[in-house]
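Everything below concerns the one structure shown next.
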Amino acid sequence: MATLERVIPVQRTRYTGLLEWITTIDHKKIGILYLGTTFMFFLFGGLLALGIRTQLATPDGTFLTAQEYDAAFTMHGTTMIFLAVVPIFTGFANYIVPLQLGARDMAFPRLNALSYWLLLAGGIVVYSAFIFGPPAAGWTSYVPLSTAQYSPQLGQDLWILGLTVLGFSSIFGALNLIVTIFALRAPGMTFHRLTLFIWSVLVTSFLLVLAMPFLTVAGVILLFDRIAGTSFFAVKEGADPLLWQFLFWFFGHPEVYIMILPGFGIISEILPVFSRKPIFGYKMIAYSSTAIGFLSFSVFVHHMFVAGIDTPLQVFFMASTMLIAVPTGVKIFSWLGTIWGGSLRFKTAMLFALGFLATFTIGGISGVFLGSVPNDFQLSDTYYVVAHIHYVLMGGAMFTVFAGLYYWLPKITGRMLSEKLGQLHFFLMFIGFNITFFPMHQLGLEGMPRRTYHYPQSPEWGTLNFIETIGAYIMAVAILIFLYNFLTSIVLKRGRVAGDDPWEGDTLEWATSSPPPEYNFARIPAVHSARPLKEG
Amino acid sequence: MAATSPVQATERTVVRGRRQTPSEARLPENETGMDAQPSRFPPGMWAVILFISSEVMFFSALFTAYFYLRARIPAWEPVFQRCAAAQCDKPAWDATTNILGLAVPLALVNTIVLVASSIWMQLAVNAIKKDRRRAAIRWLAITVASGVWFILGQGYEYTHLGFLPSNGVFAGVFFTLTGFHAAHVTGGILANSLTLFRTTKGHFSSKRHMLFEGASIYWHFVDIVWIGLFTTIYIIG
């Protein structure tokens, strides 16, 4: 056969500089926009957290007024959940999933750009609340606190609108990812040859597509109550405010897994690479993700045990909550099995992955403990809940985000981050995290309520809170070190050139250049296993 | 991309517009001649299925609100049933029409028009699948007209009900549910009109009719939701 010349069509870049980024439909550029924007929001949320901790350093702190404190924890939760953790994983998925699939882009590149710009728009709408009187009803915005009577400020409306826009962003992004995974897999890539990161993104995306509409509806009918005079939550008309909690948590509990499953996926990528072993229990991890996805729709009432739920319902949801510990436990043991007997390399990404295993396990177990109805009666709305959620979201999700950043930033930017600074970042973060959040278990067991800006003059509570505040500042230093590392190693290009495969990974993203060209691969590969680069 | 030949060694890859060549030393060979693993549906159809799944959940949430409030409020007073029993002081039963001397609620006429339009839509899809363009255009035009009738009819009903969204729990629920449905019908009308326009321009054939079929699935979905809404609001109450 004669020489066969293939021409790869490349979308010509019509603009340069800023316009190129604004008009881009390349999944990698959009992924970078996602990661950059969401990390910025993560920093904003972190600043709010520092404000909260500064206020709580002493029992009668004067750093914030009561109203400002309420606004701070509301915006902190909203930012971290809707603008940081959920979309930062979408950013990873955007960048990594097409590469791991052996595809040239997402299935719908323009829809992908729309998802990102809706995210930014939603973020701006939510943050514009700071100008118009920020919302102060907590990230859950329980009715009646969030009704026009008790939250008359415009910021509450902006909160609803912003979250609705973010909901559309998430649904479009998730839909795009599912279609990409279904239709753009490289030849030979059956579902059992997908990477575990893609598996977790797939389950997460289904949760987003199916759960998000409930938040949209809850928000929209609250908005109608606030501005159009409907009576969905109006007690004086006989309606029932609990409706909000049902709708919100039917979305809210899948949301919890939306925030952790992609992290599970990242861990399942990193542990085998840095243990120099194949993943242990590939199918069990994939199937347990799916099981968690299904179960996540059937546990949501455990958020409402103290709200006056019938006992049979409580028992059912207690049982289903504890059931979800089973697939999660399967994962933990599979990861331990992966490390077991491996030849470990303690790079920063691996350290964060191991740190995640420790902190997430604590958060998971305190979750089971909280899921028990009598315990929940005692611990609802105490700092125990705050400790739990931060162990799973900060020590869980955010540790996996940092693990993913240290693992994939060399691929994304072509430069290695400094290991020395990275390790410093990890250890400060890990220590600061535990100093901040571990004492909260004790405070919660002693009944310290959350969401209060003052607390009783008690020597023990004062001391523990002061220690927590120190921990928060240690974490802030750790984040600054990460930013410095990023600035020097990547922005100023002082980091080592990464090369195609700095970690000896064996999934497809490591077979192309760092950073990959616009079309990802010179040609579409065919795969025969879940570890396509180890086939030779 | 052209099918790859077994003679890979002589092949050169030319990349237009970029000088940088990606490394492919470790990239597995592609002996299959395919670009992707076969998929059950084309991407566009997957998107339609997923989008409608999300919409199903959206309306599930609205129905949840309806039935939750209905169950929790002891004095639940659905206006239509109350008025049908002639205990209504509001002019709520205005939106009726006279057919063969019978007072038929306009909502029932609307329902029949909308449900029938699903049939016309399907006939349009069947026609384009057989390349019968003129028939497809005709059925599609009837579908669009039915949708417009429905929206106008509902607008008429809204203005003649005698209550507003702020008049109690039921009123708010009624306007929210039917209003969101009407918004979706409007979306469907727009999609159908676009499809109609493109069909008249000679687009779509027995081989290529993804958008056409997507629009029809969406229209059926909107229809089914209305059957649920009509049953819930006007019959069960």
Side-chain angles (χ1 to χ4, degrees), chain A residues 1 3-10 12 103 107-108 171 175 178-179 182-190 209-214 216-218 221 224 228-232 234 237-240 243 246-247 500-501 510-513 516-519 521-527 532-533 535, chain B residues 1-2 4-7 10-18 20-37 39-43 46-47 50-51 53-55 57-62 64-65 68-69 72-75 164-166 168-169 171-173 175-176 180:
Chain A
M1 195 167 174
T3 304
L4 180 69
E5 239 182 40
R6 282 182 297 155
V7 177
I8 297 175
V10 175
R12 275 187 189 279
F108 307 109
I171 290 172
L175 183 151
I178 297 173
V179 178
F182 278 0
L184 296 186
R185 283 167 288 144
M189 190 175 281
T190 58
V209 165
L210 298 176
M212 263 296 165
F214 270 72
T216 307
V217 165
I221 63 179
F224 284 174
T230 57
S231 314
F232 282 97
E237 299 279 352
D240 187 350
L243 173 62
F246 276 106
L247 291 176
D500 291 357
D501 186 8
W510 305 109
T512 185
S513 325
E518 203 169 329
Y519 43 87
F521 301 101
R523 53 188 165 71
I524 300 290
V527 299
L533 305 192
E535 279 168 14
Chain B
M1 195 186 299
T4 47
S5 76
V7 196
T10 56
E11 198 173 287
R12 281 200 307 134
T13 301
V14 179
V15 175
R16 195 187 284 150
R18 277 279 193 283
Q20 178 199 13
T21 43
S23 38
E24 52 176 318
R26 297 176 71 204
L27 199 62
E29 290 300 324
N30 187 343
E31 70 289 353
T32 61
M34 294 192 294
D35 270 354
Q37 186 75 357
S39 161
R40 175 80 181 77
F41 297 113
W46 278 123
L50 289 165
F51 180 67
S53 311
S54 197
E55 291 274 45
M57 293 307 278
F58 180 85
F59 279 102
S60 305
L62 287 173
T64 304
Y68 184 82
L69 291 172
R72 297 292 282 200
I73 300 175
L164 291 169
S166 50
V169 181
V173 177
F175 278 104
T176 305
F180 269 116

Query raised in the report: Is the backbone of B/Pro165 close enough, under 3.5 Å, to the side chain of A/Thr230 for a donor and an acceptor to pair up by distance?
Result: no

**Report entry** Choice from B/Phe41, B/Phe58, B/Tyr68 maximising heavy atom contacts with chain A below 4.5 Å
**Finding:** B/Tyr68

**Report entry** Part of A/Phe224 lying under 4.5 Å from any heavy atom of chain B
**Finding:** side chain

Requested in this report: Please examine the side chains of B/Ser60 and A/Phe214, heavy atoms only from C-beta on, and report whether any two atoms are closer than 4.5 Å.
Outcome: yes

Query raised in the report: Just by distance, do the side chain of B/Gln37 and the backbone of A/Pro187 share a donor-acceptor pair under 3.5 Å?
Result: no

Report task. Start with the C-alpha gap between B/Phe180 and A/Val217, add the side-chain angles, then the distance that decides, and say whether side chain to side chain contact (heavy atoms under 4.5 Å, CB included) holds. Result -> CA-CA 10 Å; B/Phe180 269 116; A/Val217 165; over 6 Å; no

Report summary line: So, the part of B/Phe175 with a heavy atom under 4.5 Å from chain A: the answer is neither

**Report entry** Interface moiety of A/Ala186 toward chain B, non-hydrogen atoms closer than 4.5 Å
**Finding:** backbone

Query raised in the report: Given that the side chain runs from C-beta out, which part of B/Leu69 has a heavy atom under 4.5 Å from chain A: side chain, backbone, both or neither?
Result: side chain

Query raised in the report: Nearest heavy-atom pair of A/Pro213 and B/Ala61: which atoms, and what distance?
Result: O-CB, 4.5 Å

Report task. Indicate yes or no: at least one non-hydrogen side-chain atom of A/Ile178 is less than 4.5 angstrom from one of B/Trp46. Result -> no

Query - Residue part contacting chain A, namely of B/Ala171, when any heavy atom lies under 4.5 Å - result: neither

Query raised in the report: Are side-chain heavy atoms of A/Phe232 and B/Thr176 found at a separation under 4.5 Å?
Result: yes

Requested in this report: Identify the two heavy atoms, one from B/Pro28 and one from A/Ala526, that lie closest to each other, and give their separation to 0.1 Å.
Outcome: CB-O, 3.2 Å

Report task. Could you check which of B/Ser54, B/Ser39, B/Ser53, B/Gly172 has the highest count of heavy-atom pairs closer than 4.5 Å to chain A? Result -> B/Ser54

Requested in this report: Measure distances from A/Leu175 to the heavy atoms of chain B and classify the residue's part below 4.5 Å as side chain, backbone, both or neither.
Outcome: both

**Report entry** Which atom of B/Ser166 lies closest to which atom of A/Ala228, heavy atoms considered
**Finding:** CB-O, 4.2 Å

Query raised in the report: Which atom names give the shortest non-hydrogen contact between A/Ala522 and B/Leu27, and what distance separates them?
Result: N-CD2, 4.4 Å

**Report entry** Donor-acceptor pair, side chain of B/Arg40 and main chain of A/Phe182, under 3.5 angstrom
**Finding:** no

Report summary line: With chain B, the option among A/Gly188, A/Ala103, A/Ala107 that has the most non-hydrogen atom pairs under 4.5 Å is A/Gly188

Query - Salt bridge present between B/Arg26 and A/Asp501 (N-O < 4.0 angstrom) - result: yes

Report summary line: Rounding to 0.5 Å, atoms CZ (A/Arg523) and CD (B/Glu29) come to a distance of 4.5 Å

Requested in this report: Check B/Ala47 against A/Val179 and note the closest heavy-atom contact, atom names and distance.
Outcome: N-CG2, 3.8 Å

Requested in this report: May I ask you to name which of A/Ile221, A/Thr190, A/Leu210 has the most heavy-atom pairs under 4.5 Å with chain B?
Outcome: A/Leu210

Report summary line: The interface call for A/Ile171 against chain B, heavy-atom contacts under 4.5 Å, is side chain

